[in-house]
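Encoded as structure tokens, the structure appears first; notes follow it.
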Amino acid sequence: MSDYTELLARVSAPEGSGRPIHDPATGAEIGRAPEASVDDLDAAIARARAAQPAWEALGHEARTEILLRAADTIDANAEALAELLSREQGKPLNGPNARFEIGACSAWLRTSATVALEPEVIVDDGEVHAELHYRAIGVVGAIGPWNWPLMIGIWQLAPALRMGNTVVLKPSEFTPLSVLALVSVLNEVLPADVLTAVSGDREVGARLASHPDVDKIMFTGSTATGRRIIESSAGNLARLTLELGGNDAGIVLPSADPQAIAQDLFWGAFINTGQTCAALKRLYVHDSIYDATVEALAEVARTTPMGNGLDEQNVLGPLQNKQQFDIVNRLVEDAKANGGRIVTGGSPATELGELFYPITLVADVADGVALVDEEQFGPALPIIRYSDVEDAVTSANRLDVGLGGSVWGDRDEARAVAARVQAGTVWINSHGGVHPMIPFGGVKGSGYGLEFGVEGLKAVAVPQIING
Ligand code: NAD
């Protein structure tokens, strides 16, 4: 049990060194991020390599037991981790935000620790007996983003550790302290050097991805960085799981009830104040219920409190960083200039703080407008009118990304439409919910490889056939 200041003291660089990290809600400095060099990273990888055989040799049962104790340490430090996360990332404590994220870390770690990955008998015909086993890969490099920094970190490290790999993790330069704190808490029970976090800039990330002694990269971040990681894998032949950007479409069918779906539509789009990979980022609504849906969403937007995340009443927070704030602002301004009708929000909420942007619903926009075509990754949602569902499906599929999608309305009708949406996951009457046993991954420019459950364990293992 610790409070957040104690966790910070463990991981923050001493005064006068490192890089200042600011609370996006207030601008106050909360701590200093250690800045590892490429040499520090090389040393961490060497230690991970040395620790790996013994960790693998422990076997599944022993690792399961250790990882479950590691999950207990998350629970024991949950409130401190949530507070540090809220101060560093900006997301509120309450709602589907910081406390929720810490709870998910514990839940995902427990599932990764306990899900069974049994050998498969592939052929057994009296003459040939061949089995497929899954072995550790070796050293896994984990590189993460700033939006769900702890949960995504756990998504990467938990299955990798469970399968007997050691892990070197590089957090986003925007949210290093909370990730370092999580790793410090886990390391209360993990053997030395099995899990190391190295806080550094993009150059350190690039070195991790291209390092000759790294066997697998788990990467979550932008499509642009994903492409660079693919290039560097030509050098070290690292296996890759790439969870990249998205621009998820939601299609609301005429059979949907606008009032009944408004809350779920809202959170599908605005969870983590829209800074979520698989958030609903463009909404296609049938003409017959367009106005009613826009108004029902606007009503939720007007009554959902935004502000400093440490205030228990708030469930929406600031943008995490100026770069993302500028993207959202630019896209909304461009949509206005291109005929978009602002229903709520529409300009920065400077009264709340420098990085706050209100929930912005933009109606009467069309495909081709930048707010529709580019990933906004923030609290602005374009709502597009359609009259033929064929056109809505074509629109949903016209971009070169395919992480998630959703269809809203009569379940059977919606399932038939869902089958034609090009995305790794299509939800019916909800958007963005993930589950530790349900595989998750993108298609097209959203990347490749699956995380979670049995498929997620296979992704951090190498197959081996025992024949005979
Ligand atoms: P980003 O690609 O800028 O950075 C992600 C990480 O990569 C950071 O840790 C960064 O330091 C590191 N990095 C930068 N250059 C690198 C290089 N050349 N080699 C190796 N590592 C490098 O992404 P971001 O801005 O932190 O995150 C936002 C993006 O991530 C959005 O596009 C969003 O959709 C995507 N995202 C996807 C998922 C998913 O599951 N698909 C989840 C969260 C975020």
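Counting convention: from 1, in listed order, for ligands and their atoms alike.
- Using a 4.0 Å heavy-atom cutoff, Pro171 is listed among the residues neighbouring ligand 1.
- Atoms of ligand 1 lying under 4.0 Å from any heavy atom of Gly205, numbered from 1 in the order shown and given with element: 19 (N), 20 (C), 21 (N).
- An N or O contact shorter than 3.5 Å links Trp146 to ligand 1 by distance.
- By the 4.0 Å heavy-atom criterion, Gly442 is excluded from the residues contacting ligand 1.
- Looking only at side-chain heavy atoms (C-beta outward), Glu29 and Ile21 stay at 4.5 Å or farther from each other.
- Any N or O atom pair closer than 3.5 Å counts here, and Arg228 shares no such pair with ligand 1.
- Of all the heavy atoms of Glu375, the ones lying under 4.0 Å from any atom of ligand 1 belong exclusively to the side chain.
- No option in Val343, Leu316, Leu381 other than Leu316 meets the side chain to side chain contact (heavy atoms under 4.5 Å, CB included) test with Ile359.
- Counting heavy atoms only, Glu173 comes closest to atom 11 (O) of ligand 1 of the residues Arg207, Glu173, Met151.
- Using a 4.0 Å cut-off to heavy atoms of Pro145, the atoms of ligand 1 that qualify are 26 (O), 27 (O), 43 (C), 44 (C).
- Within ligand 1, counting atoms from 1 as listed, the ones closer than 4.0 Å to a heavy atom of Gly246 are 34 (O).
- Using a distance-only test at 3.5 Å, with no hydrogens or angles considered, no donor-acceptor pair links the side chain of Arg135 to the main chain of Pro463.
- Remark: the backbone N or O of Gln275 is paired with a side-chain donor or acceptor of Asn272 at under 3.5 angstrom.
- Taking any N or O of Gly144, backbone or side chain, at least one lies under 3.5 Å from an N or O belonging to ligand 1.
- Listed by number with element, the atoms of ligand 1 under 4.0 angstrom from any heavy atom of Ala206 are 17 (C), 18 (N), 19 (N), 20 (C), 21 (N).
- Between Ser222 and ligand 1, a contact under 3.5 Å exists for at least one N or O pair.
- With respect to Arg398 and Asp373, a salt bridge is recorded, a charged nitrogen being found less than 4.0 Å from a carboxylate O.
- By the 4.0 Å N-to-carboxylate-O rule, Arg49 lies close enough to Asp215 to be salt-bridged with it.
- Within ligand 1, the atoms closer than 4.0 Å to a non-hydrogen atom of Ile152 are 42 (C), 43 (C), numbered from 1 in the order shown.
- For atom 15 (N) of ligand 1, the nearest non-hydrogen atom from the set Asn321, Val434, Asn272, Thr225 comes from Thr225.
- Within the structure, the closest approach of Phe174 to ligand 1 does not fall below 4.0 Å when heavy atoms are considered.
- Relative orientation of the Trp155 and Phe452 rings is perpendicular, given thresholds of 30° and 60° on the angle between their planes.
- Taking a cutoff of 4.0 Å between a charged side-chain nitrogen and a carboxylate oxygen, Glu35 and Arg32 do not qualify as a salt bridge.
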_Under the criterion ring-ring contact (aromatic ring centres under 6.0 Å, His included), I'd like the reasoning laid out for Trp408 against Tyr284: C-alpha separation, chi angles, the key distance, then a yes or no._
CA-CA 10 Å; Trp408 305 70; Tyr284 294 86; over 10 Å; no
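- Protein heavy atom in closest approach to atom 3 (O) of ligand 1: Arg202 NH2, 3.2 Å.
- Look at Lys91 and Glu88 and you find no salt bridge, because none of the NZ, NE, NH1 or NH2 atoms lies under 4.0 Å from a carboxylate O.
- The only option from Pro348, Pro24, Pro379 that meets the side chain to side chain contact (heavy atoms under 4.5 Å, CB included) definition with Leu319 turns out to be Pro379.
- Residue, atom and distance of the protein heavy atom nearest to atom 36 (N) of ligand 1 are Cys277 CB, 3.6 Å.
- Distances below 4.0 Å separate heavy atoms of Leu403 from the following atoms of ligand 1: 41 (N).
- Ile251 CD1 to Leu280 CG: the interatomic distance, rounded to the nearest 0.5 Å, is 10.0 Å.
- For a threshold of 3.5 Å applied to N or O pairs, the pair formed by Thr223 and ligand 1 contains no separation below that value.
- In terms of protein heavy atoms, atom 44 (C) of ligand 1 is closest to Asn147 ND2, 3.5 Å.
- If you check the side chains of Gln320 and Gln324, you find no donor sitting under 3.5 Å from an acceptor.
- Contacts between Phe377 and ligand 1, counted as non-hydrogen atom pairs separated by less than 4.0 Å, involve the side chain only.
- Ion pairing between a basic and an acidic side chain is recognised when a charged N comes within 4.0 Å of a carboxylate O; Asp42 and Arg207 show such pairing.
- Residue-to-ligand polar distances keep Trp155 apart from ligand 1: every N/O pair is separated by 3.5 Å or more.
- The ligand atoms of ligand 1 that sit less than 4.0 angstrom from a heavy atom of Ile143 are 6 (C), 7 (O), 9 (O), 12 (C), 20 (C), 21 (N).
- Interface of Leu244 with ligand 1, defined as ligand atoms under 4.0 Å from a residue heavy atom, comprises 37 (C), 38 (C), 39 (C), 41 (N).
- Here the protein heavy atom with the shortest distance to atom 35 (C) of ligand 1 is Gly221 O, 3.2 Å.
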